[in-house]
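We count ligands from 1, going down the list as the structure has it; atoms in each ligand are counted the same way.
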Amino acid sequence: MLCATIKKDTQCAFMTAKGCSYKGGICNQIVEQCKGCDRGAEFSSGWYCTACPDPSVKWKSGRCNLATHVAAESVKETTKINPLKASKRRGR
Ligand code: SF4
């Protein structure tokens, strides 16, 4: 449904016929870590995230998973390969 409060006329999953269903009935502004992210947008009352209502929560336990300006940490593959099993797989 289209937002009728902070992010006027943008699609929002929290907007209902009775108003904004997010806690407090309002979105929170972006935080320092969000600067540079393409999902941040300026509205008449300030800068807000177009993807989530409370950006501070997205950064609480590390990097925001929706951020466009921070590269995802590459996950090193550190699993040890059993040489016996590997040779069996090659034989298939
Ligand atoms: S997607 Fe994440 S980093 Fe980007 S503006 Fe939203 S909360 Fe901030």
Side-chain angles (χ1 to χ4, degrees):
M1 198 168 176
L2 291 178
C3 177
T5 56
I6 295 284
K7 302 178 209 168
K8 276 199 187 313
D9 300 328
T10 57
Q11 280 295 334
C12 181
F14 293 100
M15 199 64 198
T16 67
K18 291 178 183 173
C20 181
S21 63
Y22 190 68
K23 62 179 177 189
I26 200 165
C27 289
N28 295 313
Q29 290 203 48
I30 58 169
V31 293
E32 187 68 32
Q33 295 98 313
C34 295
K35 289 195 176 143
C37 178
D38 290 341
R39 296 187 203 274
E42 190 173 18
F43 293 87
S44 58
S45 52
W47 283 83
Y48 293 88
C49 175
T50 56
C52 80
D54 192 355
S56 65
V57 172
K58 300 295 279 178
W59 287 96
K60 221 172 205 168
S61 52
R63 174 190 172 275
C64 169
N65 63 329
L66 301 171
T68 61
H69 62 311
V70 185
E73 291 169 27
S74 60
V75 180
K76 278 188 179 176
E77 216 170 288
T78 56
T79 53
K80 240 184 170 178
I81 297 170
N82 182 330
L84 191 61
K85 285 183 180 177
S87 70
K88 282 183 183 176
R89 278 189 210 124
R90 269 181 273 162
R92 288 182 198 162

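Every atom of ligand 1 with a heavy atom of Cys34 under 4.0 Å away is listed here by number and element: 3 (S), 5 (S), 7 (S), 8 (Fe). Atoms of ligand 1 found under 4.0 Å from any heavy atom of Trp59, numbered from 1 in the order shown, are 3 (S), 8 (Fe). Of all atoms in ligand 1, numbered sequentially from 1 with element shown, those under 4.0 Å from a heavy atom of Pro55 are 7 (S). Atoms of ligand 1 found under 4.0 Å from any heavy atom of Leu66 (numbered from 1 in listed order, with element): 1 (S).
Closest approach of Lys7 and Cys27 over heavy atoms only: CE-SG, 3.5 Å. Here the closest heavy-atom approach between residue Arg39 and residue Thr68 is recorded as NE-CG2, 4.0 Å. The minimum heavy-atom distance between Cys34 and Trp59, with the atom names listed, is SG-NE1, 3.5 Å. Here the closest non-hydrogen pair linking Gln33 and His69 is O-NE2, 2.7 Å.
The shortest contact between atom 6 (Fe) of ligand 1 and any protein heavy atom is with Cys49 SG, 2.3 Å. Looking from atom 1 (S) of ligand 1 to the surrounding protein, the closest heavy atom is Arg39 CD, 3.4 Å.
The distance from atom 6 (Fe) of ligand 1 to the nearest N/O/S atom of Cys64 is not under 2.8 Å. Residue Cys37 does not count as close to atom 8 (Fe) of ligand 1, with no N, O or S atom under 2.8 Å.
Taking a 4.0 Å cut-off on heavy atoms, His69 registers as neighbouring ligand 1.
Within 6.0 Å of atom CD1 in Ile81, 12 or fewer heavy atoms from other residues, nucleotides or ligands are found, so the atom counts as exposed in its surroundings.
In terms of hydrophobic clustering, with Ile, Leu, Val, Met, Phe, Trp and Tyr side chains grouped at heavy-atom distances under 4.5 Å, Ile30 and Val70 are assigned to different clusters. By the criterion of side-chain heavy atoms lying less than 4.5 angstrom apart, applied directly or through intervening Ile, Leu, Val, Met, Phe, Trp or Tyr residues, Ile26 is grouped together with Tyr48 in one hydrophobic cluster.
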